[in-house]
Amino acid sequence: MRIFDTLSVAEKNVDTTNSVRIYLCGVTVYDESHIGHARTIIVFDTLRRYLESKGVKVNLVQNFTDVDDKIINRAIKENTSADIISTRYIKNYFNDFDKLNVKRADLYPKATEHIADMISLISGLIDKGFAYVSKNGVYFAVLKFKEYGKLSKKKTDELISGARVEVDETKKDPLDFALWKFSEDSPTWDSPWGKGRPGWHIECSAMSLKYLGSDFEIHGGGRDLIFPHHENEIAQSESFSGVNFAKIWMHVGMVTINGEKMSKSLGNTKSIDHVLKTWGPNIVRLFCLSGHYTKPIDYSEEILKETIIKWRQVENCYFEMILSDDSKATEDLDQIKDIMQESKTEFDNALDSDFNTPLALSAFFKLVKYINQLASSEKITRKISDMVFPTFQAMSSILGLQIVQVTEDEKNQISNLIKQRNELRSQKKFQEADEIRKQISDMNITLIDHKTKTLWMKQEKIGIEN
RNA sequence: GGUGAGGUGGCAGAGUGGCUAUGCGUUCGCCUGCAAAGCGAAUCUAUAGGGGUUCAAAUCCCUUCCUCACCUCCA
């Protein structure tokens, strides 16, 4: 599998001989998550599912930033503690992402639980001459790290001339960034240099080094983290360890709305709670995977509505398969097998080639469409379904799609009602038949009358349609 | 201003030299008691503008215009 590496500006092979270690920069827990966060996390969830489907062991670590000025400000505003705020939004995070069918990472380290690791990393950097103590805190001396700017392709002299660097007289150089900030206001921790709290960047260096080592396979996050966050992580980590940090830097494009980046500061976000209520998890996942992960995708009702139609086709395909029977239709198993395998090969090849999910989706939909074609011409049989179903399931599962499940009781109840209805239809008692259809539709079941049988499917309820 | 990524049919979105994906939409049709869903056919023959290289370019080179992101916290 090849993935585009931001650092070398080229596709690189992911080494899957041992386990694939992935560090994903998670969220700062001071507010609800939005669909921008969801995209990045769904991309990595799908990547992880794909690798695991190939039998590759994945070790995914995703942090929570639970010490930060934004959290503290929110706590002050609500007259409560930072701890209560971060706990609340971590809970909120899991609630959202469980609903989005995102598999839990192997580990969710929190910054506040790794203060000691950060302190020892900072000490190491001071000892090696890369960091110094000043009046306001401990700073990383950017110019000591010769390769600074290699990820974001920025030159240090141009950065200095940029006027927006924080003015702080106590720093030796305006580019230097804080590893530890002195503070008397809670929350604070003791350190060899004085009471305070860690800078943002050091937490990811400390936690990734601790759990994944100094040269793990993939470090990921949103594109907006390239500078300064990931640039600074590289400076810290490589200065400390003396070896190259992550092998591949994988960055996910932004979700835009009306062509503009979705962000808290612009106030144009769509919360996960909102999109789940409006579109549901499957539509959101399909949407997030509908463009190549390196490019921006635009959130618009028009596109999301289009996605509903695609999702209905998947549902249709699923129910056609699970409810197929031994009709006498002629089968050409070999041809069907070829089409099925072709679709899966295309799917895998697309993902192997820089995780091209839109191309993979088109391969998946080729199979879906083909099955629906067979079904439409009443050519689908139990044998065909049994053959195709595992491949369909494999792809759905990699994409993290979940079709509404039905119980045996429901199945029996529905097939009884359908029998009654068809009886009435054959007697041309259409009004009564329609009443039964209404009854069935109240159970969220859609009927499809084929020539020789009536198919039913339990469709996901999509908020916007009601 | 600097750096990076882009500009593909009505829309979304693949495609790094030749075979011009895929999906949605639109029109007509099949199926149906009606519907819904599904399916079929047709439609669109697109590659920001201008040059160039080549037998051949969306794909390579030059140039103009435009968009977005980052340069401050951000997924």
Side-chain angles (χ1 to χ4, degrees), chain A residues 4 6 9 24-28 30 33-44 62 65 68-70 149 151-155 157-159 161-166 200 220-229 231 251-256 259-266 269 287 290-292 294-298 300 302-310 312-313 315-317 319-320 346 350 353 356-366 368-369 371-378 424-426 428-431 433-434 437 441 446-451 454-457 459:
Chain A
F4 184 83
T6 309
V9 203
L24 176 60
C25 283
V27 296
T28 301
Y30 73 102
S33 301
H34 57 74
I35 183 138
H37 302 117
R39 184 190 187 192
T40 300
I41 285 155
I42 286 169
V43 163
F44 277 87
Q62 180 187 327
T65 298
D68 179 89
D69 286 350
K70 285 186 175 168
L151 181 72
S152 57
K153 321 296 172 205
K154 295 187 188 307
K155 295 194 165 50
D157 49 349
E158 281 161 5
L159 279 170
S161 65
R164 291 199 283 185
V165 178
E166 181 191 346
W200 175 36
R223 293 202 74 83
D224 52 356
L225 296 185
I226 293 173
F227 190 89
H229 187 53
E231 192 70 63
H251 290 106
V252 180
M254 298 294 101
V255 176
T256 61
E260 251 187 344
K261 180 182 169 185
M262 190 180 279
S263 72
K264 284 275 163 54
S265 42
L266 288 169
T269 59
F287 169 70
S290 71
H292 193 255
T294 53
K295 292 185 179 176
I297 50 171
D298 199 58
S300 82
E302 200 191 339
I303 302 300
L304 271 297
K305 277 183 177 162
E306 207 177 296
T307 312
I308 297 178
I309 292 165
K310 293 183 187 179
R312 294 304 185 208
Q313 291 172 352
E315 288 180 321
N316 187 78
C317 177
F319 283 96
E320 290 285 5
E346 235 183 279
S353 169
N356 193 331
T357 55
L359 200 54
L361 281 174
S362 85
F364 175 61
F365 278 100
K366 271 184 202 167
V368 167
K369 192 115 188 162
I371 296 302
N372 287 343
Q373 271 170 18
L374 287 179
S376 169
S377 52
E378 317 241 350
L424 291 163
R425 286 171 73 209
S426 68
K428 300 209 187 298
K429 292 181 180 166
F430 296 124
Q431 211 165 1
D434 284 350
R437 181 162 65 195
S441 120
T446 305
L447 295 184
I448 299 146
D449 289 327
H450 286 316
K451 227 175 209 164
T454 299
L455 179 87
W456 58 268
M457 54 181 178
Q459 294 186 318

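In what follows, every chain begins at residue 1, and chains take the letters A, B, ... in the order their sequences are listed.
- The phosphate of B:C39 has neither OP1 nor OP2 within less than 4.0 Å of any side-chain N or O from A:N316.
- The partner of B:C55 is B:G18, judged by Watson-Crick or G-U wobble contacts that both fall below 3.5 Å.
- In terms of position along RNA chain B, the nucleotide closest to A:S290 lies nearer the 5' end than the nucleotide closest to the other residue of the pair A:F430 and A:S290.
- Nearest heavy-atom pair across A:T307 and A:F287 is CG2-N, 4.2 Å.
- For A:K429 and B:G33, the shortest distance from a side-chain N or O to OP1 or OP2 is not below 4.0 Å.
- On the P atoms, B:U63 is 47 Å away from B:A41, given to the nearest whole Å.
- Of the P atoms belonging to B:A35 and B:G29, the separation is 13 Å, rounded to the nearest Å.
- The two atoms that bring A:M262 and A:T269 nearest to each other are CG-CA, 3.4 Å, heavy atoms only.
- Judged by a 6.0 Å distance limit and a 45° cone about the ring axis, A:K369 is not positioned over the six-membered ring of A:F364.
- In the interface, the side chain of A:R425 is not paired with the base of B:C34 through any donor and acceptor atom under 3.5 Å apart.
- Listed nucleotides: B:G38, B:A14, B:C73. Nearest to the side chain of A:N356: B:A14.
- Checking side-chain atoms of A:S377 against main-chain N and O of A:L374 turns up a donor-acceptor pair under 3.5 Å.
- Minimum atom distance to the side chain of A:I303 is reached by B:A12, of the listed B:A35, B:A12, B:U3.
- Taking atom C1' on both B:C39 and B:U47, the two are 31 Å apart, rounded to the nearest angstrom.
- Between A:V252 and A:S377, the residue whose closest nucleotide on RNA chain B is further toward the 5' end is A:S377.
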When every nucleotide of nucleotides 20-26 of chain B is labelled 5' to 3' by its protein contacts under 4.0 Å (heavy atoms), B for base, S for sugar-phosphate only, - for none, what sequence of letters results? -BSBSS-
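- Closest contact between the side chain of A:E158 and the listed nucleotides B:G2, B:A36, B:G38 involves B:G2.
- Remark: B:C39 base-pairs with B:G29; criterion is Watson-Crick or G-U wobble with both hydrogen-bond distances under 3.5 Å.
- You won't find any donor-acceptor pair under 3.5 Å spanning the side chain of A:R223 and the base of B:A5, going by distance alone.
- In terms of heavy-atom proximity, A:M254 sits nearest to A:R223 at CE-N, 3.4 Å.
- The only option from A:V368, A:I371, A:I448 that meets the side chain to side chain contact (heavy atoms under 4.5 Å, CB included) definition with A:N316 turns out to be A:I448.
- Searching all strands for a Watson-Crick or G-U wobble partner of B:C11 with both distances below 3.5 Å returns B:G23.
- Distance check on atom P: B:G23 versus B:G38 gives 13 Å, rounded to whole Å.
- On the P atoms, B:A56 is 14 Å away from B:G18, given to the nearest whole Å.
- In this entry B:G1 has B:C71 as its Watson-Crick or G-U wobble partner, both defining distances falling under 3.5 Å.
- A salt bridge links A:R312 and A:E315; the closest N-O separation between the charged side-chain nitrogens and carboxylate oxygens is under 4.0 Å.
- Here the nucleotide nearest the side chain of A:D434, chosen from B:A75, B:G33, B:C39, is B:G33.
- Between the side chain of A:D449 and the backbone N or O of A:T454 there is no donor-acceptor pair closer than 3.5 Å.
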Review item, nucleotides 46-48 of chain B N/O atoms under 3.5 Å of protein N/O:
none

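- For A:N372, counting side-chain heavy atoms from C-beta on, the closest listed nucleotide (B:A37, B:C39, B:G33) is B:C39.
- A:D68 and A:T28 are not linked by any side-chain donor-acceptor pair at a separation below 3.5 angstrom, with hydrogens and angles left out of the test.
- Side chain A:D298 to base B:A12: no donor-acceptor pair is found below 3.5 Å.
- Taking atom P on both nucleotides, B:C19 is separated from B:G52 by 22 Å, rounded to a whole Å.
- Across B:C62 and B:U53, the matching P atoms stand 15 Å from one another, rounded to whole Å.
- Here the nucleotide nearest the side chain of A:E260, chosen from B:A69, B:C34, B:C31, is B:A69.
- At the heavy-atom level, A:M262 lies under 4.0 Å from base atoms of the strands shown.
- Taking atom P in both B:A58 and B:A48, the straight-line distance is 10 Å, to the nearest Å.
- Here A:E346 pairs with A:K366 in a salt bridge; the nearest charged N to carboxylate O distance falls below 4.0 Å.
- When each of B:A75, B:C31, B:C71 is scored by its nearest atom to the side-chain atoms of A:K451, the top-ranked nucleotide is B:C31.
- When each of B:G13, B:C31, B:G40 is scored by its nearest atom to the side-chain atoms of A:Q373, the top-ranked nucleotide is B:G40.
- Judged by atom type and distance alone, A:K154 does not reach the base of B:C71 through any side-chain donor-acceptor pair under 3.5 Å.
- No contact: A:S33 has no heavy atom under 4.0 Å from any strand.
- Across all strands shown, B:A46 forms no Watson-Crick or G-U wobble pair with both key distances under 3.5 Å.
- At least one donor-acceptor pair closer than 3.5 Å links the side chain of A:N372 to the backbone N or O of A:Q313.
- Here the side chain of A:S300 pairs a donor or acceptor atom with the backbone of A:I303 at under 3.5 angstrom.
- Remark: A:K261 is in phosphate contact with B:C70, judged by side-chain N or O atoms under 4.0 Å from OP1 or OP2.
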